[in-house]
Number of protein chains: 2
Amino acid sequence: MLNYGARELIQAGTLPLPMDEDIAELLRHATLGPVSFHPANAMIYAQGEAAGPLYYVEFGTVRVCQMAPDGRRQIAAFYSAGQVFGFEPDDVHLFYAESVDGAGIRSLRPKMQEGAAGEVLKVALRGLIAIQSHLMMTVRLGAAERLAVFLLDMMERQGSEDSVALQMQRTDIGDYLGLTFETVSRVFRVLKDGGLINLPTPDRVKVISKEGLERFCAV
Amino acid sequence: MLNYGARELIQAGTLPLPMDEDIAELLRHATLGPVSFHPANAMIYAQGEAAGPLYYVEFGTVRVCQMAPDGRRQIAAFYSAGQVFGFEPDDVHLFYAESVDGAGIRSLRPKMQEGAAGEVLKVALRGLIAIQSHLMMTVRLGAAERLAVFLLDMMERQGSEDSVALQMQRTDIGDYLGLTFETVSRVFRVLKDGGLINLPTPDRVKVISKEGLERFCAV
DNA sequence: CGACCAATTGAATTGATTCAAGGTCCGTGG
DNA sequence: CCACGGACCTTGAATCAATTCAATTGGTCG
């Protein structure tokens, strides 16, 4: 369901994929602010703050996270150029957003009088589903499987068949996958020793066997 | 946000709470089928099957799950009397639903021509958010914390201040919390030895210190 | 060159799982 | 009525995966 109104537009995916058509449609019914630059690790909005506009990523990468009272951080999603974030189901932000690597962000205010509500909902729902299926895979998979899924998603997002640029550091990957950064590092080594990937530099992954990665995560 | 249209009606909660107003409104714009009885463990709809109507729980408990190819099962949510389930973001069921303990179910077909789409979306979104925040807590909490959160949620759902009736067995609780049934059993013992709960019977939990349980899961 | 930050690696520890018995409750049939 | 069988729950011991703690390496920028 949801085939009652929002239908076929929603597709599960582990990472929020760029969904050009819907976003384009959303942009058409919205006023975009100017590009503001957020240096690495700068906060975009805070947990607990009143939810305001949406945000459109012009360049760079953004992480949307939740902080537990014990200090542990869970990253719900990464957003990169062309994607929209800032949806939250409440008037107050339950999550906070930060620039990962220096990002250009525009505020995006849907023109409600033009009936943009439907467009907003579509994009919002897709985002929710993406986060949900990411969490679903996270709870049941082991460390190596999680990283394999992550790499395959990144390849798809970046439109590459054999390499991934990691815009975020190990700690971010860990908090996204529910692992420590040491475990992420160790798993990279396991995949490398297994001949599935290469790490020419810490922030670039050369995928040698996509099939090998896929074999891990048969979901 | 989603404060564009679906707003304040959506509230995060770990378990889908009965949301009388919204559900009542949804029922008003829908045709309800007769009550059909599903004995314990009977399937209500299958994974992969075309998504059809929604379902309203008259009595009993229902579990909505996903099966991984390796045979591991993840329960996304439990639904009990007065709740609606069967929402899925696709034309095809990504999840399957079963009766837990013998449940009476009515099919529920929204009357789209009467503009029921909005009502459906509200209820659907709340369900998604509930599942999401449940998964969010699952990934980062330890076994005892997960069970504490679960018990507190059950208390709230059942409107009790000091006891919980467990309609489901240990395996179900385990698959819901991402634990094995042995671990669930062991954690019950730990909580009991810690003086936080009592287990007069395996399916009834007497909560001695709600504060003690809450101290665990400060989220 | 030195300082700093990220990443890697190792060793010990923890937490949950797996495998393997028992124990309890309940319904059925002798 | 009691014995038996089966389903579920509990408990224990060994194992395994990931974390924690502790260096060490590598790269980058003053």
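Letters A, B, ... are given to chains in the order of the sequence lines, protein chains preceding strands, and every chain is numbered from 1. Keep in mind that this is a model prediction, so the values were computed, not measured.
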Colleague: Mind jotting down which residue pairs meet the salt bridge (Lys or Arg N to Asp or Glu O under 4.0 Å) criterion with at least one end in residues 35-62 of chain B? Sequence neighbours excluded, please.
Modeller: B:Glu58-B:Arg106
Colleague: List the residues meeting ring-ring contact (aromatic ring centres under 6.0 Å, His included) with A:Phe85, not counting sequence neighbours, and say none if there are none.
Modeller: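 So A:Phe85 forms a ring-ring contact (aromatic ring centres under 6.0 Å, His included) with A:Tyr55, A:Tyr79.
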Colleague: Quick check on C:dT9: is either OP1 or OP2 less than 4.0 Å from any side-chain nitrogen or oxygen of A:Arg189?
Modeller: yes
Colleague: Sequence neighbours excluded, which residues qualify as salt bridge (charged side-chain N to carboxylate O under 4.0 Å, His left out) partners of B:Glu161?
Modeller: B:Lys210
Colleague: Would you tabulate the nitrogen or oxygen pairs shorter than 3.5 Å linking the protein to nucleotides 17-27 of chain C?
Modeller:
from: C:dT17; atom 1: OP2; to: B:Thr180; atom 2: N; distance (Å): 3.3
from: C:dT17; atom 1: OP2; to: B:Thr180; atom 2: OG1; distance (Å): 3.3
from: C:dT17; atom 1: OP2; to: B:Thr183; atom 2: OG1; distance (Å): 2.4
from: C:dT18; atom 1: O4; to: B:Arg186; atom 2: NH2; distance (Å): 2.7
from: C:dC19; atom 1: N4; to: B:Glu182; atom 2: OE2; distance (Å): 3.2

Colleague: Sequence neighbours excluded, which residues qualify as side chain to side chain contact (heavy atoms under 4.5 Å, CB included) partners of B:Glu145?
Modeller: B:Leu141, B:Phe216
Colleague: Strictly by salt bridge (Lys or Arg N to Asp or Glu O under 4.0 Å), give each pair with a member in residues 169-187 of chain A just once, sequence neighbours left out.
Modeller: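 As it turns out, the salt bridge (Lys or Arg N to Asp or Glu O under 4.0 Å) pairs with a partner in residues 169-187 of chain A, which skip direct neighbours, are A:Arg63-A:Asp172, A:Arg73-A:Asp172, A:Arg73-A:Asp175.
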Colleague: Return each pair, listed once, that meets side chain to side chain donor-acceptor pair (under 3.5 Å) where at least one residue sits in residues 195-207 of chain B; pairs must be two or more places apart or across chains.
Modeller: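 Listed by first then second residue: B:Asp162-B:Lys206, B:Ser163-B:Arg204, B:Thr201-B:Asp203.
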Colleague: For residues A:Phe78 and A:Tyr176, establish whether the separation of their ring centroids is below 6.0 Å.
Modeller: yes
Colleague: Roughly, in whole Å, what's the span from CG in A:Asp203 to P in C:dA6?
Modeller: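 The distance from CG of A:Asp203 to P of C:dA6 comes to 13 Å, rounded to the nearest Å.
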Colleague: Earliest and latest nucleotide of DNA chain D, 5' to 3', sitting under 4.0 Å from a non-hydrogen atom of chain A?
Modeller: D:dA18 to D:dC21
Colleague: Among residues at least two apart in sequence or on other chains, which ones pass side-chain hydrogen bond (donor to acceptor under 3.5 Å, both in side chains) with A:Ser185?
Modeller: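 A:Ser185 satisfies side-chain hydrogen bond (donor to acceptor under 3.5 Å, both in side chains) with no residue once adjacent residues are dropped.
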Colleague: What's the CD-P distance between A:Gln169 and C:dC4, to the nearest Å?
Modeller: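 Going from A:Gln169 (CD) to C:dC4 (P), I get 18 Å.
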Colleague: Give the rounded distance in Å between these two atoms: CZ of B:Phe188 and C1' of C:dA16.
Modeller: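 In whole Å, C:dA16 C1' lies 17 Å from B:Phe188 CZ.
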Colleague: B:Arg140 CZ to C:dG15 C1': how many Å, rounded?
Modeller: 18 Å
